[in-house]
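Here is the structure we will look at, set down as structure tokens.
Chain letters run A, B, ... following the sequence lines, proteins first, then strands; residues in each count from 1.
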Amino acid sequence: MDSFLKKECDLEFFHNNGFKRKQCTSCGAYFWTLDDNAKTCGDQPCVPFSFIGKPLGKKPLSLREVRESFLSFFEKNNHSRLNYPVTGERCPVVARWRSDIYLTIASIADFQPHITSGNVPPPANPLVISQPCIRLNDLGEVGKSGRHLTIFEMMGHHAFNKNTDEIYWKEDTVRYCDEFFVKNIGIPREAITYKEQLWDGGGNAGPCLEVLAGGLEIATLVFMNMKRDENGKFAIKGEKYAQNPLNIVDTGYGLERIAWISQGTETVYETVSPKIISWLNDHTGDNSDKVSIYSLADHSKCLAFMLGDGIVPSNVKAGYLARLIIRRTLRFIEKLKLDIPLKELVNMQLNILEKEFPSLKEGKYQIDEILDIETRKFSETLSKGEGLVKRILKEKETIDKKELITLYDTYGMPPDIVKNIANMEGINVEIPKNFDSMIAELHSHEEKEEIKEEIRQNLPGTIRLYYKDHYTKEFDAEMMWKNNTGNGTELIFDKTAFYPEGGGQLGDIGTIFRDDKQLSVKKVVKEGDAIIHIVDGDLNVGENVHGKIDWERRYTLMKHHTGTHVLNGALRKLLGEHIWQAGSQLGVNEARFDFSHYRSISEKERKEIENLANQLIKQETVVEKKIMDRNSAERTYGFRLYQGGVPPGDSIRVINIPGIDVEACGGTHLNNIGEIEKLRILKTERIQDGVNRITFAAGKMVDAYQKEENELYNKLVNILSSTYEIKKQKEISDQLKEASKIFSVPINQLEKTIGRFLKETGKKEKIEVNDFKDACSNLFKEWKQARKDEKKVSSDDIENLKYQAETIPGTSIKVITAISKSESTSIAGTIIKEPGYVVHIYDGKKITSAASGNIDIDLSKEIASEIGKILGGSGGGKPKLTQSGGPKKGKIKEALDKAKQLTIKALN
RNA sequence: GGGCUUGUAGAUCAGCUCGGAAGAUCGCCUCCUUGGCAUGGAGGAGGCCUCGGGUUCAAAUCCCGACAAGUCCA
């Protein structure tokens, strides 16, 4: 490895400028320096910071000055500054184009995976950017170490070389770096050390040089030329790597660190957020708690970016990370006893950042609302948790490791808060030192296996007619390939209009004609470039066929698909820019659209969304479908395009509904949104915290649902008509929803429930009610009353029963056997409050047997099950209160007689 | 994406292990105590035990499913 690095890092630049290669006496790494006496590599922890109070560089620089200096330096040296007008000239901190990471962790992340893999040309070459990044790996160090940040800007100049020196490679990279630091920033060359390292990350690897000054790493120059490959010959950290098709110059310059080194402040935080820190110092009661102050300065900026770039807090994915930071921030506010809502703090950051990152503040209204909601939620969680902790303490007087873990993992109570609560109760709780690793251990065996689908090679590619014209209904084609399986035959043609399953859209079905033969297409799937039709029947390769898709079905699917795009646009207009597709499923009967939003959709909002979507449809906007190269598509429309994930390849299909929505989408779409006709929201639900789902229908399917709903309504009205005279018919769908609320059952259970309630209420005189909803609420009230009446025991009944009582000869105990109308357990329970009674009462469902407290008898042992058996069942209970029953209702008299006999026998 | 947890009175929860009259505390209402308030005392109202289905003579309790909520991790 050393020899590999020695060869890779042996640069003319070093030799020409008098640099010497040395080995660090502390860590053993090799480094290049001008200092003949240097012994250590110049990195932490081998050397301490030397620039605190003694800044390096010409003069103190602000973040903005460093950024501008860097970008313009490389611009002068023929690099292009990236420009994404829609997204505010940058990629967001949430890595929406990546499936493997949630946050943008480095400038190169913007170009992974498709550009770094060589599949897509870079937007410019070479280029220079400054990318805001978020890293939460060292969250625990933030505020403490003086140098760790969750949010920082990584400045990078990147060159993507097909051949090593196509653009530039190591020599020029180091030369640029040297010139920038020495001439522009003014760090003396003697103060700069280049340390040799091996870099790996994101499936790539290569040699790298860490650039160090004053004990601080201020840049990393990575020469990414390898990629992970099982058959590769380079082994790094147990993984094998092979040559990458591209040689990529991946540099990362720490904007904040460079500014810090030029200012020499106590910590990096004073350089990054001087205003916030001085404000915090002025407003806290305890400005000795530097860690909290620094953390707040950092976290509030992190939140400004996270929320400004549209992350919605949630319990999963990137949203969870946002919530994590929000809760940490709230706790620091609490710790410093600051009398300020979290949103005010974040607003201060938004105002500071507004000039350089104007897009962040655009969602201010939503950010405020999100932070208020999150603040409330956290305090609810904590106060619930507090109650829980107090209850545990009351019972056990201590909290052990296991409970500490449960409290955190299940109820979200951080252990130190638990400790504080216990302290207030005068109880000490030990937090295990390895608490974090205990939690990690708990979750360690949750790895799931990834199922990789084998793709068959050498399948003939299929021309996709459905992309040429989304309205292609019939076509002629030639059979290219077939494969008989147990479940139908797989066919591939030279071209097809059948759309395969994918992108949330169902595949087409239809018919293949060959002379007089007709084969029905059951399923269509995509495998590589091939479109496979699964049919019942058989054909031969080389035959010419005619295909016809089930157009009516497909047309509905297209309405649903274009409908989701319109809906997406409507949601964004009404709720805000944080709305982002989180998945979708298009069916024939209905379509689902999942999206990020921090609240559930209210009834009022549902109507507004539906109305707006329908208004948009009436505008009859033409849908633009075009294939664009990726870079110009991104530049024109921004990352909004990637609602349904990022398609591979250098050209993408863009579905643009001007003024409403634009997405990269591989599905089939209408030519004009007017063809949707109408859209109706059937259901809104919250499928996760932070994610909502709308189920809707479009076009003819709306009528189908309307019809179904009307039928249900009429059926229910008919059922109710035995007791209720409904005067008015109001909006049916609202009425059904109200009814579903009244009975707390889903709409499809209403028929059953209303039937049951009517039956259990018993017949009443016919009542006139205003509308359906009133009939339901009246029925519910009546039913409640009936239930109560059933349990109510009238004193007359009791007296009657006592009157019937027989005294058991030789004792003063009275025994009662009877059949009653009201609930037997209530009656029996009432009678035995008085001493001297044994009762057996049947109420139509069961026999309750009970004995007064002063009588020495155990009914549960033999009597209850004995009389239950007579009825074909069994019985049991507590010694002095039992229930028995069974299906043979005709034998009640026999059972009661037996009960009396057994009671008398038992008491003699 | 995965794990864990919870749905019982207006609120906070017990009961569920091991099936057999639905409970506590606060809050609410009425009356008593007091000049009034705080307090104290007596009584009362308020539960489809989230919703389906299954097992059983019997389900808040056991099993399956749905819906809702909380929380942790990647």
Using a cut-off of under 3.5 Å, enumerate the N/O to N/O pairs linking the protein to nucleotides 57-59 of chain B.
| unit_1 | atom_1 | unit_2 | atom_2 | d |
| --- | --- | --- | --- | --- |
| B:rC57 | O4' | A:Ser874 | N | 3.4 |
| B:rC57 | O4' | A:Gly885 | O | 2.9 |
| B:rC57 | N1 | A:Ser874 | O | 3.1 |
| B:rC57 | O2 | A:Ser874 | O | 3.3 |

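- Salt-bridge formation is detected for the pair A:Arg756/A:Glu760: a Lys NZ or Arg NE/NH1/NH2 atom is positioned less than 4.0 Å from an Asp or Glu carboxylate oxygen.
- The environment of A:Lys802 atom NZ is dense: over 12 non-hydrogen atoms of other residues, nucleotides or ligands sit within 6.0 angstrom.
- Checking the phosphate oxygens (OP1, OP2) of B:rG46, no side-chain nitrogen or oxygen of A:Lys784 falls inside 4.0 Å.
- Among the atoms of the strands shown, only primed sugar atoms or phosphate atoms (P, OP1, OP2) are found under 4.0 Å from some heavy atom of A:Tyr408.
- Distance A:Lys394 NZ to B:rA14 P: 13 Å, rounded to the nearest Å.
- Nearest to the side chain of A:Thr381, among B:rA68, B:rU71, B:rC72, sits B:rU71.
- Here the CD1 atom belonging to A:Ile392 is positioned 12.0 Å from the CD atom belonging to A:Glu425, to the nearest 0.5 angstrom.
- Within the structure, every pair that satisfies the salt bridge (charged side-chain N to carboxylate O under 4.0 Å, His left out) test and touches residues 733-747 of chain A, not counting sequence neighbours, is listed here: A:Glu603-A:Lys737, A:Lys607-A:Asp734.
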Query raised in the report: Can you give the dot-bracket line for RNA chain B, where a pair is Watson-Crick or G-U wobble with both atom distances under 3.5 Å, crossing pairs use [ ], and | marks a partner on another strand?
Result: (((((((..((((......[..)))).(((((.......))))).....(((((..]....)))))))))))).
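- Rounding to whole angstrom units, CG of residue A:Leu321 and P of B:rG1 are separated by 16 Å.
- Scored by the side chain to side chain donor-acceptor pair (under 3.5 Å) test, A:Ser295 finds no partners at all (sequence neighbours excluded).
- Nearer the 5' end of RNA chain B, as judged by each residue's closest nucleotide, is the contact made by A:Leu388, out of A:Leu388 and A:Ser826.
- Partners of A:Val312 according to the side chain to side chain contact (heavy atoms under 4.5 Å, CB included) rule, which considers only residues two or more places apart in sequence or in another chain, are A:His578, A:Ser596, A:Tyr598.
- Under the salt bridge (Lys or Arg N to Asp or Glu O under 4.0 Å) criterion, A:Glu430 pairs with no residue, sequence neighbours left out.
- Each of A:Thr830 and A:Met413 was matched to the nucleotide of RNA chain B holding its nearest heavy atom; the match closer to the 5' end belongs to A:Thr830.
- In this structure, A:Ile373 atom CD1 and B:rA69 atom P are separated by 13 Å, rounded to whole Å.
- Within the model, atoms CD1 of A:Ile105 and CZ of A:Arg135 stand 5.5 Å from one another, a figure rounded to the nearest 0.5 Å.
- Considering only side-chain N and O atoms, A:Lys788 lies under 4.0 angstrom from the phosphate OP1 or OP2 of B:rG46.
- What separates CD of A:Glu823 from C1' of B:rG20 is a distance of 12 Å, to the nearest Å.
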Could you write out each protein N or O paired with an N or O of nucleotides 51-55 of chain B at a distance under 3.5 Å?
| unit_1 | atom_1 | unit_2 | atom_2 | d |
| --- | --- | --- | --- | --- |
| B:rC51 | O2' | A:Gln749 | OE1 | 2.6 |
| B:rG52 | OP1 | A:Arg756 | NH1 | 2.8 |
| B:rG52 | O3' | A:Lys752 | NZ | 2.6 |
| B:rG53 | OP1 | A:Lys752 | NZ | 2.2 |

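- Between A:Lys317 and B:rG1, a side-chain N or O to OP1/OP2 separation shorter than 4.0 Å is present.
- For residues 375-422 of chain A, the set of pairs meeting the ring-ring contact (aromatic ring centres under 6.0 Å, His included) definition, not counting sequence neighbours, comprises A:Tyr408-A:Phe435.
- Using a 4.0 Å heavy-atom cutoff across all strands shown, A:Glu685 reaches sugar-phosphate atoms only and no base atom.
- In this structure, A:Arg787 reaches the B:rC49 phosphate: one of its side-chain N or O atoms is under 4.0 Å from OP1 or OP2.
- A:Asp858 places its CG atom 16 Å from the P atom of B:rG20, with the value rounded to the nearest Å.
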Grab the N/O contacts between the protein and nucleotides 5-12 of chain B below 3.5 Å, and write none if there aren't any.
| unit_1 | atom_1 | unit_2 | atom_2 | d |
| --- | --- | --- | --- | --- |
| B:rU5 | O2' | A:Tyr411 | OH | 3.1 |

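- With sequence neighbours excluded, the residues forming a side chain to side chain donor-acceptor pair (under 3.5 Å) with A:Lys846 are A:Glu823, listed by chain and number.
- Here the side chain of A:Val316 is nearest to one of B:rG1, B:rG46, B:rC72, namely B:rG1.
- Atom CG in A:Leu324 sits about 13 Å away from atom C1' in B:rA74, given to the nearest Å.
- Between A:Thr104 and A:Pro92 there is no side-chain heavy-atom pair separated by less than 4.5 Å.
- The phosphate of B:rU71 (OP1 or OP2) has a side-chain N or O of A:Arg327 nearer than 4.0 angstrom.
- Contact annotation: side chain of A:Asn315 to base of B:rU71, donor-acceptor pair present below 3.5 Å.
- B:rU71 and B:rA45: their C1' atoms are spaced 37 Å apart (whole Å).
- Under the 4.0 Å criterion applied to side-chain N and carboxylate O atoms, A:Glu380 and A:Lys384 are not assigned as salt-bridge partners.
- The gap from the C1' atom of B:rG35 to that of B:rU30 amounts to 22 Å, rounded to the nearest Å.
- A:Asn748 CG: more than 12 foreign heavy atoms inside a 6.0 Å radius.
- If you check every strand for non-hydrogen atoms under 4.0 Å, A:Gly412 touches sugar and phosphate atoms only.
- Distance check on atom P: B:rC13 versus B:rC37 gives 34 Å, rounded to whole Å.
- Summarising the local packing, CD of A:Glu862 is surrounded by 12 or fewer heavy atoms from other residues, nucleotides or ligands at distances under 6.0 Å.
- Using modelled atom types and a 3.5 Å distance limit, the side chains of A:Asn800 and A:Gln804 yield no donor-acceptor pair.
- For the pair A:Leu750 CG and B:rA66 P, the interatomic distance rounds to 20 Å; values are reported in whole Å.
- Sorted by first then second residue, the side chain to side chain donor-acceptor pair (under 3.5 Å) pairs that include residues 683-694 of chain A, not counting sequence neighbours, are A:Arg323-A:Asp689, A:Lys377-A:Asp689, A:Asp594-A:Arg693, A:Arg686-A:Asp689.
- Across B:rC16 and B:rU8, the matching C1' atoms stand 11 Å from one another, rounded to whole Å.
- Using a 4.5 Å heavy-atom threshold, the side chains of A:Ile134 and A:Val94 count as separate.
- Taking every heavy atom of residues 889-903 of chain A and every atom of RNA chain B, no pair lies under 4.0 Å.
- No side-chain N or O of A:Ser865 forms a donor-acceptor pair with one of A:Ser874 less than 3.5 Å apart.
- The residue A:Lys888 sits apart from the nucleic acid: no heavy atom pair falls under 4.0 Å.
- In this structure, CD1 of A:Ile105 is placed 14 Å from P of B:rA74, rounded to the nearest angstrom.
- Listed nucleotides B:rA22, B:rG70, B:rC72 differ in distance to A:Asp689; the shortest reach to its side chain belongs to B:rG70.
- To the nearest 0.5 Å, the span separating CD1 on A:Ile601 from CD1 on A:Ile681 amounts to 8.0 Å.
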